[in-house]
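Heads up, the thing below is written out as structure tokens.
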Amino acid sequence: MTLRVLGIETSCDETSAAVVEDGRKILSNVISSQAALHAKYGGVFPEMASRMHIEAIHPVITQALSEAKVTLDDIQAIAVTRGPGLAGSLLVGVNVAKGLALGRGLPLVGVSHLEGHLYSLWLVEDVSEVQFPVLGLIVSGGHTELVLMTGHLHYIRLGGTIDDAAGEAFDKVGRMLGLPYPGGPHVEKVARDGNPLAYNFPRAKTDRPYDFSFSGLKTSVLYELKRQAPNLRPGEEPPPGGLPIPDLAASFQAAAVGALAEKTVAAARAHKATTIFIAGGVSANKALRAEMEKQAGDLPVRFPPLILCTDNAAMIAAAGHWRYLAGQRDSLDMDIKPNWKLT
Ligand code: KG4
Ligand code: ZN
């Protein structure tokens, strides 16, 4: 029997709803991003994010059902992001999901946003061939997590960031370089015209082999910027032509993706993973993709299609599909978990 899951995602600044069939086939994936509204604050403004989710959520769900050419009668379960994320934002999605579950008598399945990112890689048609264990790296705006996936829904945490998340480092450096929010894609864009070898920024040493640290790298970029432009204030746009922004961006990016690739590949080899899965917003980065593939050699590396790298509800529906099959049914008093850990 066909199993169709309606996914709902509102953990940060994207309001999204999707219909996924059999955990693999995306019938619709509607994403309404608030990023342009938050850009003028240089980051996500939580109160505004929850208000915007309230405005967007019903039209987004209606559109997801209509694009999928289904009604709620054709849906077997509702999967919703329960955490981690912004409390006010998570509440909107979870409450709407509960309302639909109650109103239609449908099962409710709470999903971890981080697990969702990993399941963005199972939305690819030929992925059933992948054997466990799989080494997963989640690199997003709020998280950098290295996990060994030993089976569906089973994870062993190998490491993660001890300070800034990878995406957060891109966003902070983007801000320092006077680039718009979110910094990640803008840093990547200006870095294309820069020399990654122009500056030798440090790759942090950590006590545990599979942990990451990006705050020292970020501070080194700041010191270099201050050395070259002593009067520049943080976030202020550097004078045009005055600073080698592309070289700074490219050198920062090379150090960041180098560290990510090195530890991910080492962990994959040490744990005899058959494949490496990279997920989350930063997995859209082409320099990261190239460096991972270079260092992994003959070990296969998979990335989600670009639209599934950043936040979306299709990945939540995909993870919800497996949780539903495993028998998970959450009650209507399910709470949100803003600081939920994957393991
Ligand atoms: O997964 P995501 O949409 O949201 C969170 O769960 O955090 O990730 C957003 C993060 C932001 O930090 C953004 O700057 C970063 O992903 N990002 C990128 C790129 N595209 C998005 N970072 C580097 N290069 C990119 N092309
Ligand atoms: Zn995310």
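When a ligand or atom number is given, it counts from 1 through the structure's own listing order. This one's a predicted model, so the numbers in the text were calculated from it and none came from an experiment. All residue numbers in this chain count up from 1 along the given sequence.
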Exercise. Measure from the side-chain N and O atoms of Arg82 to the backbone N and O of Asp335, and report whether any donor-acceptor pair falls under 3.5 Å.
Key: yes
Scan the side chains in residues 270-286 for donor-acceptor partners under 3.5 Å anywhere in the protein, sequence neighbours excluded, and list what turns up.
{"unit_1": "His271", "atom_1": "ND1", "unit_2": "Ala267", "atom_2": "O", "d": "3.0"}
{"unit_1": "Thr274", "atom_1": "OG1", "unit_2": "Gln131", "atom_2": "O", "d": "2.6"}
{"unit_1": "Ser283", "atom_1": "OG", "unit_2": "Gly280", "atom_2": "O", "d": "2.6"}
{"unit_1": "Asn285", "atom_1": "OD1", "unit_2": "Ala287", "atom_2": "N", "d": "2.9"}
{"unit_1": "Asn285", "atom_1": "OD1", "unit_2": "Leu288", "atom_2": "N", "d": "2.9"}
{"unit_1": "Asn285", "atom_1": "ND2", "unit_2": "Gln253", "atom_2": "OE1", "d": "3.0"}

Exercise. Can you establish whether the number of heavy atoms outside Ile307 located under 6.0 Å from its atom CD1 is more than 12?
Key: no
Any protein N/O atoms within less than 3.5 Å of an N/O atom in ligand 1? List the atom names and distances, or say none.
{"unit_1": "ligand 1", "atom_1": "1 (O)", "unit_2": "His117", "atom_2": "NE2", "d": "3.0"}
{"unit_1": "ligand 1", "atom_1": "1 (O)", "unit_2": "Gly281", "atom_2": "N", "d": "3.1"}
{"unit_1": "ligand 1", "atom_1": "1 (O)", "unit_2": "Asp311", "atom_2": "OD1", "d": "3.1"}
{"unit_1": "ligand 1", "atom_1": "3 (O)", "unit_2": "Asp311", "atom_2": "N", "d": "3.1"}
{"unit_1": "ligand 1", "atom_1": "3 (O)", "unit_2": "Asp311", "atom_2": "OD1", "d": "3.2"}
{"unit_1": "ligand 1", "atom_1": "4 (O)", "unit_2": "Asp311", "atom_2": "OD1", "d": "3.1"}
{"unit_1": "ligand 1", "atom_1": "4 (O)", "unit_2": "Asp311", "atom_2": "OD2", "d": "3.2"}
{"unit_1": "ligand 1", "atom_1": "6 (O)", "unit_2": "His113", "atom_2": "NE2", "d": "3.1"}
{"unit_1": "ligand 1", "atom_1": "6 (O)", "unit_2": "Asp311", "atom_2": "OD1", "d": "3.3"}
{"unit_1": "ligand 1", "atom_1": "7 (O)", "unit_2": "Gly141", "atom_2": "N", "d": "2.8"}
{"unit_1": "ligand 1", "atom_1": "7 (O)", "unit_2": "Gly142", "atom_2": "N", "d": "3.4"}
{"unit_1": "ligand 1", "atom_1": "8 (O)", "unit_2": "Gly141", "atom_2": "N", "d": "3.4"}
{"unit_1": "ligand 1", "atom_1": "12 (O)", "unit_2": "Gly167", "atom_2": "O", "d": "3.2"}
{"unit_1": "ligand 1", "atom_1": "12 (O)", "unit_2": "Asp171", "atom_2": "OD1", "d": "3.4"}
{"unit_1": "ligand 1", "atom_1": "12 (O)", "unit_2": "Asp171", "atom_2": "OD2", "d": "2.7"}
{"unit_1": "ligand 1", "atom_1": "14 (O)", "unit_2": "Asp171", "atom_2": "OD1", "d": "2.6"}
{"unit_1": "ligand 1", "atom_1": "14 (O)", "unit_2": "Gly184", "atom_2": "N", "d": "3.1"}
{"unit_1": "ligand 1", "atom_1": "20 (N)", "unit_2": "Gly281", "atom_2": "O", "d": "3.4"}
{"unit_1": "ligand 1", "atom_1": "24 (N)", "unit_2": "Asn285", "atom_2": "ND2", "d": "3.0"}
{"unit_1": "ligand 1", "atom_1": "26 (N)", "unit_2": "Glu188", "atom_2": "OE1", "d": "2.6"}

Self-check item: Validation row: Phe45, Leu37 side chains within 4.5 angstrom (heavy atoms)
Solution: no
Exercise. Give the intermediate values and the outcome of ring pair (Phe, Tyr, Trp, His ring centres under 6.0 Å) for residues Trp340 and His113.
Key: CA-CA 9 Å; Trp340 208 8; His113 182 81; over 10 Å; no
Practice problem: Could you grab the protein N, O or S atoms closer than 2.8 Å to the Zn ion (ligand 2) for me? | Solution: His113 NE2, His117 NE2, Asp311 OD1
Quiz item: Looking at Phe170 versus Phe252, is the centre-to-centre ring distance below 6.0 Å?
Solution: yes
Quiz item: Thr81 side chain to Glu9 main-chain N or O, any donor-acceptor pair under 3.5 Å?
Solution: no
Self-check item: Sub-6.0 Å ring centroid separation between His152 and Phe132
Solution: yes
Self-check item: Partners meeting side chain to side chain contact (heavy atoms under 4.5 Å, CB included) with Leu91 (sequence neighbours left out)
Solution: Asn95, Ile336
